[in-house]
2 protein chains.
Amino acid sequence: MKYSELKKSLKNHKLRITDCRMDVLEYFQEHTKAVSIKDLEDKFQEYDRVTLYRTLHSFEENGLLHKIPGDSGSAVYGLCKDCDVAAHHHNHMHFRCTSCGSTECIDTPVEIKAATLPDNYEMASIDVIVNGICNQCSSN
Amino acid sequence: MKYSELKKSLKNHKLRITDCRMDVLEYFQEHTKAVSIKDLEDKFQEYDRVTLYRTLHSFEENGLLHKIPGDSGSAVYGLCKDCDVAAHHHNHMHFRCTSCGSTECIDTPVEIKAATLPDNYEMASIDVIVNGICNQCSSN
DNA sequence: TTATAAATGCAACTCTATTGCATTTTATTT
DNA sequence: AAATAAAATGCAATAGAGTTGCATTTATAA
Ligand SMILES: [Mn+2]
Ligand SMILES: [Mn+2]
Ligand SMILES: [Zn+2]
Ligand SMILES: [Zn+2]
């Protein structure tokens, strides 16, 4: 993605333009799989760990990234499609490969039927995580 | 649950009978909400933290407990219904209350239609996490 | 260009979880 | 009941993920 587009994206999400943010956003654009803080630390050794953490937080806060639930360990993040500063709104699911450990957003729309909850439970949102073997791993 | 029942349950799952395991298993039986290591540390100060961790691991390994995916922070565990040493098999969903932070297993069966995945992705299992307000919080 | 607010780097710190090893306990065999 | 082998426990040290405070630098707007 072009430099000017990245910049516009940051501005649209009310974020100041900094080297770190530009580089991290570009990195996300270039990768289909979800990204961990570890990935960023390895890739961007010129930035402090804390700055990378704060970059992820500001991106999440302002609707550029969403945190993807995982069993534990390190959190992973995926690019948002249509979220903004005001609110996140997602309806896609996530795929976690048990072979290579990668996680990715799956955009093929899935009908998630409103869950049947017991009385007095109010649903706000739903996360669906599919576990299995990803395309890359299944072809090896 | 009776002492003899707890004991039988441990034996059925190929686990040796120890004080810590008996107490922890009983604790899980008495609680409907998912339990964190923090809960156990607070409750069972007579056992070392490491022992509690190892208890959770052995229970998970042997089909007594399942780990419930969470955004991050500390892991939580729920009692298994019909799992054994050989394998876990779950088809229930989890409810996470955004007000009190609790997580619990929801047993009302939910039709989770096989997700439409892109080519060459193989699904093995699926986790559904519903976020919202739990019954206790909604009545306050 | 200057002023203000925000972002960064660094060090220290907290919290969660794991590992190694000596000791104790459990289950099994005699 | 006593001896044995295997497993569980406690303790200390270590590792890893993430956060906080503060001085310095940078981005934006006046
Ligand atoms: Mn996603
Ligand atoms: Mn459950
Ligand atoms: Zn894979
Ligand atoms: Zn609640």
Side-chain angles (χ1 to χ4, degrees), chain A residues 3-4 6-27 34-62 64-77 85 101 103, chain B residues 3-4 6-27 34-62 64-77 85 101 103:
Chain A
Y3 174 79
S4 58
L6 292 170
K7 212 165 150 180
K8 195 188 296 176
S9 185
L10 287 178
K11 279 200 198 291
N12 284 343
H13 291 83
K14 308 289 182 208
L15 288 164
R16 290 187 168 200
I17 316 300
T18 69
D19 290 353
C20 182
R21 286 175 179 169
M22 291 288 285
D23 288 344
V24 169
L25 181 55
E26 185 179 39
Y27 183 88
V35 173
S36 70
I37 183 76
K38 184 67 169 40
D39 297 330
L40 296 180
E41 283 184 49
D42 290 346
K43 176 74 181 181
F44 301 112
Q45 302 190 4
E46 67 263 40
Y47 300 119
D48 193 84
R49 296 181 324 113
V50 179
T51 302
L52 294 172
Y53 273 108
R54 290 194 270 229
T55 299
L56 290 175
H57 288 157
S58 66
F59 280 14
E60 187 185 17
E61 185 77 12
N62 291 31
L64 270 173
L65 295 179
H66 57 283
K67 186 188 261 189
I68 302 173
D71 258 11
S72 70
S74 188
V76 295
Y77 292 83
V85 183
T103 300
Chain B
Y3 173 80
S4 57
L6 292 171
K7 212 165 149 181
K8 196 188 296 177
S9 185
L10 287 178
K11 279 200 198 286
N12 284 344
H13 291 83
K14 309 289 182 209
L15 289 164
R16 289 184 168 204
I17 316 301
T18 70
D19 291 353
C20 182
R21 287 176 178 168
M22 290 289 286
D23 288 345
V24 169
L25 181 54
E26 185 179 40
Y27 182 88
V35 173
S36 70
I37 184 76
K38 184 66 168 43
D39 296 330
L40 297 180
E41 283 183 48
D42 291 346
K43 176 72 181 182
F44 300 113
Q45 302 189 4
E46 67 263 39
Y47 300 119
D48 193 85
R49 300 190 356 263
V50 179
T51 302
L52 294 172
Y53 274 108
R54 291 195 269 229
T55 299
L56 289 176
H57 288 158
S58 66
F59 280 14
E60 188 186 15
E61 185 78 13
N62 291 30
L64 270 173
L65 295 179
H66 56 284
K67 186 188 260 190
I68 302 173
D71 257 10
S72 68
S74 188
V76 295
Y77 292 83
V85 184
T103 301

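Labels below follow one simple rule: chain letters A, B, ... track the order of the sequence lines, proteins then strands, and each chain is numbered from 1.
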Phosphate OP1/OP2 of C:dA17: any B:Ser74 side-chain N/O under 4.0 Å: yes
Rounded interatomic separation in angstrom, taking CG from A:Asp42 and P from D:dA17: 10 Å
Summary of protein contacts for nucleotides 20-26 of chain C, nucleotide by nucleotide, where a base hit scores B, a sugar-phosphate-only hit scores S (4.0 Å, heavy atoms): B-----B
Qualifying residues under side-chain hydrogen bond (donor to acceptor under 3.5 Å, both in side chains), relative to A:Asp39, sequence neighbours excluded: A:Ser36
Interatomic distance, B:Lys38 NZ vs C:dC15 C1' [rounded to whole Å]: 11 Å
Point-to-point distance, once rounded to the nearest 0.5 Å, from CD of B:Glu41 to OG1 of B:Thr51: 11.0 Å
B:Lys43 atom NZ, neighbour heavy-atom count above 12 within 6.0 Å: no
Distance in Å, A:Leu65 CG paired with A:Thr55 OG1, rounded so as to fall on 0.5 Å steps: 10.0 Å
Counterpart residues, salt bridge (Lys or Arg N to Asp or Glu O under 4.0 Å), relative to B:Lys11 (two or more places apart): none
Interatomic distance where CZ belongs to B:Phe59 and P belongs to D:dA8 [whole Å]: 11 Å
From CD1 (A:Ile37) to OH (A:Tyr77), nearest 0.5 Å: 7.5 Å
Rounded distance in Å - CD (B:Glu41) to P (C:dT18): 12 Å
Phosphate-side-chain proximity, A:Thr51 and C:dA7, N/O vs OP1/OP2 below 4.0 Å: no
Rounded distance [0.5 Å steps], CD1 in A:Ile17 versus NZ in A:Lys8: 12.0 Å
End axis versus end axis in the helix from C:dT1-D:dA30 to C:dT30-D:dA1, the angle rounded to 10°, five pairs used at each terminus: 30°
Nucleotide D:dA12, atom C1' - distance to CZ of B:Arg49 in whole Å: 11 Å
Per A:Cys20 side chain, nearest of listed nucleotides C:dT8, C:dA17, C:dA27: C:dT8
Residue A:Lys11, side-chain heavy atoms: nucleotide from C:dT16, C:dA7, D:dT28 that is nearest: D:dT28
Residue A:Asp48, side-chain atoms from C-beta onward, closest of C:dT8, C:dC10, C:dA17: C:dC10
Sugar-phosphate only, base, or nothing, as touched by A:Glu46 at under 4.0 Å among non-hydrogen atoms: sugar-phosphate
Counterpart residues, side-chain hydrogen bond (donor to acceptor under 3.5 Å, both in side chains), relative to A:His13 (two or more places apart): none
A:Arg21 (side chain) and C:dA7 (base): donor-acceptor pair under 3.5 Å: no
Spacing between B:Tyr47 atom OH and D:dC11 atom P, to the nearest angstrom: 13 Å
Spacing of A:Arg21 atom CZ and A:Lys7 atom NZ [to the nearest 0.5 Å]: 14.5 Å
Separation of atom OH in A:Tyr53 from atom P in C:dC13, rounded to whole Å: 18 Å
5' priority, DNA chain C, between B:His57 and A:Leu15 [closest heavy atom]: A:Leu15
Interatomic distance, B:Leu56 CG vs C:dA17 C1' [rounded to whole Å]: 11 Å
Test side-chain hydrogen bond (donor to acceptor under 3.5 Å, both in side chains) applied to A:Lys14 - qualifying residues, sequence neighbours left out: none
